Amino acid sequence: MLGSLLQRFDLIDHTDYVLHTKTTLTVKPDGFRIRVRPRPGRRSVRSAAPAATPVEQAAGERTGAAAPAPSIDRHGTKLAVLYGSNLGTSEALATTLAAEGTDRGFDVTLGALDDHADDPSAALPAGGAAIVVSSSYNGTPPDNAAAFCRWVSGPDAHIDGTAYTVFGCGNREWAATYQAVPTLLDERLGACGGRRVHPRGEADARGDADAAYRDWHANLWPDLAAALGLSAEVGADLASGPRLSITLTNRQVLNPVILSYQARPARVRANRELITGSDGKPAERSTRHVEVALPGGLGYRAGDHLGVLPRNSIDLIRRVLTRFGLDAGQYVTIIPHGGTHTHLPIDEPAPLLGVLASCVELQDVATRGDLEALARHAPDPEQRSSLESLAGEGYRERIALANSSVLDVLEEFPDCTLPFAEYLDMLPPLRPRYYSISSSPLVEPGVATITAGVLRAPARSGAGTFTGVCSGHLADVPEEGTAFVFVREPSIAFRPPENPHIPMLMIGAGTGLAPFRGFLQERAQQRAQGAPVARSLLFVGCRGPESDQLYADELAAFEAQGLVVVESAFSRSPTAERRYVQDAMRARADDVWALLQQDAAVFVCGNASTMAPGVRAALKEIYRDKTGTTESDATAWLTGLRATGRFVEDIWGG
């Protein structure tokens, strides 16, 4: 194209342009304009335009792309799609809804709630609509929604009749705070003058979240269209069809997923196995100690999280390449249709391997919508019926509980003719995984360590082995290799007290020990600098001393220095008493109570569904036994500890 332009035109720099760059997915010149003048004797290129159509159609056929789905005539009604999201689920749903709104003719604004905290009323258009998707984090707003929640809860919040609806993401394992923030947003938007035009929806990650979303989504667009006085066409089902078309070429592009999280390349300085079998060989379960040399200017504090952007394994990518008949050396150009919001690199050629490795989740569970799309591309009536059944009554048993991805289903139904463009559009964006940093910057400021349990087990579907995306990636990164990382402060104050005189009561199981290693490193450095340090108490849960006792030598050294008393609880040891951390706490109730009387800070890190409730119950039992009070008194006491920052949990779902 550039060669053709230079043959036919003189290019004139009429503004005496000086280069300034901007970055939107790629680096581009900012404000660059140039004039063209036809070269003498050269024919116009306009006569060649009609020939472009069959060429473009042929290219589409080569890559398996179909014609784009028709969209509704643009009516331009304002629609704000706003999200509060820490881990990416709510943001992904909001991105999908924004694309649907664009296809239905709305003038769509997509962004985090806090992006509009300076002038929230402007983001909630009078005469328009707003769709809000948010999660909660231990009952508090996500990091990018806190300022907006403060505004909407305040006395000055006012909305001029904006039509709105709210969808909440949550997990009932946090029963006391389940859907707390979505409920707050729904109630306060109505109290501030908004019009709730579609009921609030809620998804429970522990249950069938996909079904909950589909139920809420079923009448979303008809309700919005009716409330805004728009034609019924706006709320009707759109004709199905691919939203992307692709061509393959040879250029590389920056990864927008890495750009969106501002992740930076970091050198892996050490990567070693922490668990070995009795014969010195690697044990059946793997836990890795990974030391990361942080990029310049990137610091952290004890208790922070390290976000890691993983890469899909080559085995997974090879399965995709084989299924769609693609070559590993190809580049892909992705062109969105009709304002489609996408997390993929667009408009410029990108390495196919890079897109599959670092932009999309290949192992996420297939949704019912995915299965319905596969059924439309099944030429065999019997297979089409089977896929439709999987999208219906068979979904929970065959797909959700079996953890089956779109790729798994495609391999089960090899005659399905789903184009690669539609497959790529189905895949959600690759999400970072967060690990508690298991070191203190007082030891070495530019180095952060993480302790990662590697998920590798027989697949629930019964086909082969399932390996965790990020833990498998970390297991494979060699020393001196590269990982893309960033530091995130936790939403809760999960860090050692600033005053080293205050003792700590730390309870962790498995890799939940990680942050406490950093806490103790911090206290050891403070003592080395001459500060008097209180002795703490650490309860560590693991299977057995011979199988998965992490950092045992380091903990023994901390104990010898008088920094901590370590109490181990072995749940599956054939030679030691079988117990959990909550049992160990009850056995040392006098020591636990003595520390609590010294205003100790209590930290819990581990599984939200099993360990965390057991620890809460043990603390309340100790309080009741020592004070002679009731269960309700103990609950109020524990709530008071949490409110004053003396009881803090960094827990995750099972």
Side-chain angles (χ1 to χ4, degrees), residues 274 287 289 301-304 436-444 449-451 493-542 544-545 548-571 576-577 579-606 611-612 614-615 618-619 622 641 645-651:
L274 287 175
T287 301
H289 170 82
R301 297 166 63 193
D304 283 347
S436 296
I437 294 178
S438 57
S439 59
S440 166
L442 297 185
V443 175
E444 194 170 358
T449 72
I450 57 176
T451 308
F494 198 89
R495 56 181 82 258
E498 292 184 7
N499 184 352
H501 301 170
I502 298 175
M504 298 181 292
L505 178 59
M506 299 168 285
I507 306 103
T511 55
L513 170 65
F516 304 137
R517 176 179 183 261
F519 289 12
L520 292 172
Q521 282 189 354
E522 187 126 314
R523 287 285 171 96
Q525 289 298 310
Q526 289 170 336
R527 171 172 285 183
Q529 295 166 6
V533 174
R535 178 176 295 194
S536 298
L537 179 57
L538 170 64
F539 293 95
V540 181
C542 57
D548 61 350
Q549 196 169 18
L550 306 179
Y551 302 115
D553 292 342
E554 292 184 31
L555 294 181
F558 289 136
E559 197 166 17
Q561 296 173 40
L563 293 172
V564 67
V565 174
V566 180
E567 182 71 23
S568 297
F570 304 123
S571 61
E577 178 187 358
R579 59 179 185 165
Y580 297 96
V581 286
Q582 55 266 37
D583 302 319
M585 291 171 65
R586 293 185 180 96
R588 300 197 66 148
D590 291 343
D591 296 325
V592 170
W593 185 247
L595 283 185
L596 290 170
Q597 296 305 105
Q598 299 171 39
D599 296 327
V602 183
F603 299 95
V604 183
C605 188
M611 190 201 83
V615 169
L619 283 170
I622 292 170
L641 288 184
R646 286 186 55 201
F647 178 71
V648 190
E649 296 175 310
D650 189 359
I651 54 180

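Quick caveat, the model's predicted, so the values are computed rather than measured.
Atoms CG and SG, from L550 and C542 in turn, are 7.0 Å apart once rounded to the nearest 0.5 Å. In this structure, S536 OG and L563 CG are separated by 8.0 Å, a value rounded to the nearest 0.5 Å. One distance of note links CG of D590 with CG of L595; it measures 11.5 Å at 0.5 Å rounding. With rounding to the nearest 0.5 angstrom, the CG atom of D583 is 10.5 Å from the OG atom of S571. With rounding to the nearest 0.5 Å, the separation of CZ in F539 from CZ in R579 is 8.5 Å. Between the CD atom of Q598 and the CZ atom of R535 there is a distance of 11.0 Å, given to the nearest 0.5 Å.
Between V602 and L619, the closest side-chain pair of non-hydrogen atoms falls below 4.5 Å. In this structure, F494 and E649 have side chains that are not in contact, with every pair of non-hydrogen atoms separated by 4.5 Å or more. S436 has its side chain out of reach of I450: every pair of non-hydrogen atoms, C-beta onward, lies at least 4.5 Å apart. Within the 4.5 Å cutoff, no side-chain heavy atoms of V581 are placed close to those of E567. For the pair M611/V604, a side-chain contact is recorded, criterion being any heavy-atom separation below 4.5 Å from C-beta on. V565 is not listed as a side-chain neighbour of L538, based on a closest heavy-atom distance of 4.5 Å or more.
Aromatic ring orientation, F603 versus F519: perpendicular (interplanar angle above 60°, classes split at 30° and 60°).
The residues D304 and R301 are annotated as not salt-bridged, no charged nitrogen and carboxylate oxygen being separated by less than 4.0 angstrom.
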Check step by step if side chain to side chain contact (heavy atoms under 4.5 Å, CB included) holds for L555 and L520. CA-CA 9 Å; L555 294 181; L520 292 172; 4.1 Å; yes
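Scored by the salt bridge (Lys or Arg N to Asp or Glu O under 4.0 Å) test, E522 finds no partners at all (sequence neighbours excluded). The salt bridge (Lys or Arg N to Asp or Glu O under 4.0 Å) test applied to D553 returns no partner, not counting sequence neighbours.
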Quick one: side chains of residues 497-518, donor-acceptor pairs under 3.5 Å with protein atoms, not counting sequence neighbours, listed by atom name and distance.
{"residue": "N499", "atom": "OD1", "partner": "H501", "partner atom": "N", "Å": "2.9"}
{"residue": "R517", "atom": "NE", "partner": "E554", "partner atom": "OE1", "Å": "2.8"}
{"residue": "R517", "atom": "NH1", "partner": "S438", "partner atom": "O", "Å": "2.7"}
{"residue": "R517", "atom": "NH1", "partner": "T449", "partner atom": "OG1", "Å": "3.2"}
{"residue": "R517", "atom": "NH2", "partner": "E554", "partner atom": "OE1", "Å": "3.3"}
{"residue": "R517", "atom": "NH2", "partner": "E554", "partner atom": "OE2", "Å": "3.2"}

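Between A302 and R495, the closest heavy-atom pair is O-NH1, 2.9 Å. Nearest approach of V533 to R527, heavy atoms of both residues: O-NH2, 3.6 Å. Here the closest heavy-atom approach between residue M585 and residue V592 is recorded as O-CG2, 4.0 Å.
The backbone N or O of S439 sits nowhere less than 3.5 Å from a side-chain atom of Q521 that would complete a donor-acceptor pair.
Checked by atom type, the side-chain pair S440/Q525 shows no donor-acceptor distance below 3.5 Å.
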